[in-house]
2 protein chains.
Amino acid sequence: MNERPNRVPEWCQGEEWCPVTVTAALLSRKWKPVIVDRLLKSGPCGFSELQNLIGNISGKALSNNLKELEADRIVNRSVISERPYRVEYALTDRGRDLEPLIVAMREWGSKHFEPDSKENGQ
Amino acid sequence: MNERPNRVPEWCQGEEWCPVTVTAALLSRKWKPVIVDRLLKSGPCGFSELQNLIGNISGKALSNNLKELEADRIVNRSVISERPYRVEYALTDRGRDLEPLIVAMREWGSKHFEPDSKENGQ
DNA sequence: CGGTATCCGGCAGGATACTG
DNA sequence: CAGTATCCTGCCGGATACCG
């Protein structure tokens, strides 16, 4: 069953359903797009590796966001070794489908806030 | 000067600058992508018109989000008539540049949560 | 290494009532 | 119509310390 995650509000489940609202509900957190961005660029990572790739994210935030992304089937977590204990976070198919969205974010951010192009004006 | 809005964290202003992080900082709120979506689809709107197009957004949330979008030069507000009092919200160039991003959101949401395609799995 | 537990502050957002 | 004022809630995320 394609039940939408809890993050998607009730009123967006029926007739008034809206793709942008759903996507925003799943992805509009401070860190989630950045996590997906790094997984797209660097492929599967361990927890600390991902934390370093992002920088400035607290362990708690990373942990929580990964759990939600996992629940929403955007990210997959697998234990790849017990001794030493190693884990790997990777994008699912659904997660990889976010690539155009993340690319669009990269491009918009670069175009409008690139340090070299201050003349774009704020 | 192309100073980044306050919403963009300090640590993202210098060397560690990241386009996705900046874009997420400006746009990753529950309602912002939806507001831009509606303005793209319907063109310039008044306040209540916009509120109706979105549905389920409180006046306060709409007001606050519009103010931030204005401060970030994504949306432009103009008074188009005094008596009766009428206002118009429209996308700026920078806001219109968000179209590919919003389109990507629409497509991802439709693909993965369309009621008709429950078999896509949750 | 890969997290969890706890405490904590802030702010986003809902509801409602009110204003010019 | 186009908001503002106020109150209130919950969650989000930072910091720190600790665990297997």
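Every chain is numbered from 1 and lettered A, B, ... according to where its sequence line falls, protein lines coming before strand lines.
Under 4.0 angstrom from either OP1 or OP2 of D/dA2 there lies no side-chain N or O belonging to B/Ser63. Phosphate proximity of D/dG3 to B/Tyr89: present, with a side-chain N or O under 4.0 Å from OP1 or OP2. In this model, the phosphate group of C/dT4 is approached by a side-chain N or O of A/Lys67 to a distance below 4.0 Å at OP1 or OP2.
Looking at which nucleotide of DNA chain C each of A/Phe47 and B/Glu68 is closest to, the 5′-most match is held by A/Phe47.
Protein atom CG of A/Asn64 is 16 Å distant from nucleotide atom P of C/dC7, rounded to whole Å. In this structure, A/Tyr85 places its OH atom 13 Å from P of D/dG20, rounding to the nearest Å. Between the CD1 atom of A/Ile57 and the C1' atom of C/dG3 there is a distance of 14 Å, rounded to whole Å. Regarding A/Glu10, its CD atom lies at a distance of 16 Å from the C1' atom of C/dG14, rounded to whole Å. Atom CH2 of A/Trp11 is separated from atom P of C/dA15 by 11 Å (rounded to the nearest Å). Summarising the geometry, the separation between CG on A/Leu62 and C1' on C/dA5 is reported as 17 Å, rounded to the nearest angstrom. Taking atom CD on A/Glu70 and atom C1' on C/dG3, their separation rounds to 13 Å, with Å as the unit. Here the P atom of nucleotide D/dA2 and the CZ atom of B/Arg83 are 15 Å apart, to the nearest Å.
Between A/His112 and B/Asp97, the closest side-chain pair of non-hydrogen atoms falls below 4.5 Å.
Side-chain heavy atoms closer than 4.5 Å link hydrophobic residues (I, L, V, M, F, W, Y) into clusters, and following such links, even through other members, never connects B/Leu50 to B/Ile80. Two different hydrophobic clusters hold A/Val103 and A/Val36 under the rule that ILVMFWY side chains link at heavy-atom gaps under 4.5 Å.
Residue contacts shown for A/Glu88 are absent, as no nucleic acid heavy atom lies under 4.0 Å away. If you check every strand for non-hydrogen atoms under 4.0 Å, B/Arg77 touches sugar and phosphate atoms only. Contacts of B/Asn65 with the nucleic acid, taken as non-hydrogen atoms under 4.0 Å apart, involve only primed sugar atoms and P, OP1 or OP2.
Between the CG atom in B/Leu53 and the CG atom in B/Leu62 there is a gap of 10.5 Å [rounded to 0.5 Å].
Taking a 4.0 Å limit (strictly below) on heavy-atom distances, residues 18-32 of chain A reaches DNA chain D at A/Arg29, A/Lys30, A/Trp31.
Judged purely by atom type and a 3.5 angstrom limit, B/Ser110 has no side-chain atom pairing as donor or acceptor with the backbone of A/Pro19.
Checking C/dG3, D/dT4, D/dT6 against the side-chain heavy atoms of B/Lys60 singles out D/dT6 as nearest. With distances taken from any side-chain atom of A/Ser48 to the nucleotides C/dG3, C/dC1, D/dA2, the minimum falls on C/dC1.
Applying the side chain to side chain donor-acceptor pair (under 3.5 Å) test to pairs two or more places apart or on separate chains, none has a residue in residues 42-66 of chain B.
Applying the salt bridge (charged side-chain N to carboxylate O under 4.0 Å, His left out) criterion to B/Lys41, with sequence neighbours excluded, gives B/Asp37.
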